[in-house]
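Reading through the structure tokens given below for one structure.
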2 protein chains.
Amino acid sequence: MVDEKDKDQNTEQKILEAAKEVFLERGLDGARMQDIADKAGINKALLHYYFRSKDRLFDVIFREAAARFLPKLGELFASDMPLLEKIEKFVHFYIDMLQQNPHLPLFVLNEMQKVDGDEFMEFIWQGKQPALKAMATQVEEEIKKGTIKPIKPFHLLLNIVSMSIFPFVARPIVKLVWEVDDPQFKELMEERKKVVVQFILDSIRK
Amino acid sequence: MVDEKDKDQNTEQKILEAAKEVFLERGLDGARMQDIADKAGINKALLHYYFRSKDRLFDVIFREAAARFLPKLGELFASDMPLLEKIEKFVHFYIDMLQQNPHLPLFVLNEMQKVDGDEFMEFIWQGKQPALKAMATQVEEEIKKGTIKPIKPFHLLLNIVSMSIFPFVARPIVKLVWEVDDPQFKELMEERKKVVVQFILDSIRK
DNA sequence: GTCTATAGGAGGATAGAC
DNA sequence: GTCTATCCTCCTATAGAC
């Protein structure tokens, strides 16, 4: 009884890990159930036994990925930390996370584009909306206080996000254009944690 | 004779335009030859008559897209324009281009990831390598002259590219998170041309 | 050059034994 | 729960008439 349950969870877990790898690398359309089965060390039939269909399995993976991509920023945004410190935390958090999940952003952005108006993504986001507004307000207050230069919160935050995430999305081109290999790329991204924060601060501080 | 040739080119052109739309929206794996045929107003067999296979047709589209995505920046980079002016030109050029080709970056980045080490992309890039080095040197010279703050050319250029391109890659999420529709999004991107340039200048100028 | 009809194969899904 | 064998649909590609 206990054995069966353990075995069950192990198999399910193996499938999920394999599916995650394959879907994140190849996308929904490019992924093959056979590849997932091979990587999990089982056969196709078992995939359907556990998850009924490719679409259902994909849904599980996508939702987990989407949640990871829009993570628990609520607390960070809404906290009473100084703005500049929030920015630093944000950049460090994202670059660290993407170093460990390099395929995540392209996967999520790509699959989102196809569905266009994903109800689950909206659900994921809902709870965070107020925190973002709070952060935007904080930016405007700092501007009023005169501690930072005027800039629409939209553009400031989009700049921060862009500089943190885009290099991972464009990884193949960055590697080609700057003639770097994987270890060098990783090192450069590590550097960016400080460089990007400094770049932002230099830009907005008076 | 002339009629036949015109007709021929028209059909080929119609196919290319249809294929471009479908491939850019759905990717290689997601695209259906039937959809391309429908959009071109012809039938599947003609697609193969003109382009022999799906892969060949895709290649034509991808190469055109890749060339557009890494456009004629050689002249800009290598010109004797002041650095700050080059940056301005670059940002304006990219945002303008992406306003008209919204699917381009995600398509190229996505398909590049799958092949990993695309020989054609390398070919496309080759000619531009020297111009990039020239631009990097220019950055270093400005730093030595003391006109801008120290920053590795890699990070400065990656920041510029990131802020220009990422919003288009992340369009669905940006729209969701900031609750904007398509016309508002377009307007915000128009704003960004000035905002991003200003943001960069504020950051690097002493 | 353009069409209809169909071959051929890949891949998701199910049946049924163990 | 897990496997093998098989079904069936979808889609690329080709044959052949016009």
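We name chains A, B, ... by the order of the sequence lines, and we start the count at 1 in each one. No experiment lies behind these values; they were computed from the predicted model shown.
To the nearest angstrom, C1' of C:dG1 lies 17 Å from CD of B:Gln13. Following rounding to the nearest Å, B:Asp35 (CG) and D:dC10 (C1') show an atom-to-atom distance of 12 Å. Between B:Gln34 atom CD and C:dT4 atom P the separation is 11 Å, expressed in whole Å. The interatomic distance linking A:Leu47 (CG) with D:dT2 (P) rounds to 11 Å, in whole Å. To the nearest angstrom, C1' of C:dA10 lies 15 Å from CG of A:Asp29. For A:Leu28 and C:dG11, the CG to C1' distance is 13 Å, given to the nearest whole Å. Rounded to whole angstrom, the span from the CD1 atom of A:Ile42 across to the C1' atom of D:dT4 amounts to 14 Å. If you take CZ of B:Arg26 and C1' of D:dT12, they are 17 Å apart, rounded to a whole angstrom.
In this structure, B:Arg32 does not reach the D:dC10 phosphate: none of its side-chain N or O atoms is under 4.0 Å from OP1 or OP2. Distances shown here put a side-chain N or O of B:Thr11 below 4.0 Å from the OP1 or OP2 atom of C:dT2.
Distances from the side chain of A:Leu46 to the nucleotides C:dG12, D:dG1, C:dG1 place D:dG1 closest. For B:Asn43, counting side-chain heavy atoms from C-beta on, the closest listed nucleotide (C:dG11, D:dG1, C:dT4) is C:dT4.
Legend: side-chain hydrogen bond (donor to acceptor under 3.5 Å, both in side chains) pairs involving residues 52-64 of chain B, not counting sequence neighbours, sorted by first then second residue: B:Glu64-B:Arg68.
Counting only N and O atoms by type, the side chains of A:Gln113 and B:His103 include a donor and acceptor under 3.5 Å apart. Between A:Gln99 and A:Glu190, the side chains place a donor N or O and an acceptor N or O closer than 3.5 Å (distance only, hydrogens not considered).
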Which atom pairs link the protein and nucleotides 13-15 of chain D when you take only N or O atoms and keep those under 3.5 Å?
unit_1: D:dA13; atom_1: OP2; unit_2: B:His48; atom_2: NE2; d: 3.0
unit_1: D:dA13; atom_1: OP2; unit_2: B:Lys54; atom_2: N; d: 2.7

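Residues forming a salt bridge (charged side-chain N to carboxylate O under 4.0 Å, His left out) with A:Lys114 (at least two apart in sequence, or on another chain): A:Asp29, A:Glu111.
A salt bridge does not link A:Lys186 to A:Asp181: none of the charged side-chain nitrogens sits closer than 4.0 Å to a carboxylate oxygen. The residues B:Lys193 and B:Glu88 are annotated as not salt-bridged, no charged nitrogen and carboxylate oxygen being separated by less than 4.0 angstrom. Look at A:Lys175 and A:Asp182 and you find a salt bridge, because one of the NZ, NE, NH1 or NH2 atoms lies within 4.0 Å of a carboxylate O, short of that distance.
Using a 4.0 Å heavy-atom cutoff across all strands shown, A:Ala31 reaches sugar-phosphate atoms only and no base atom.
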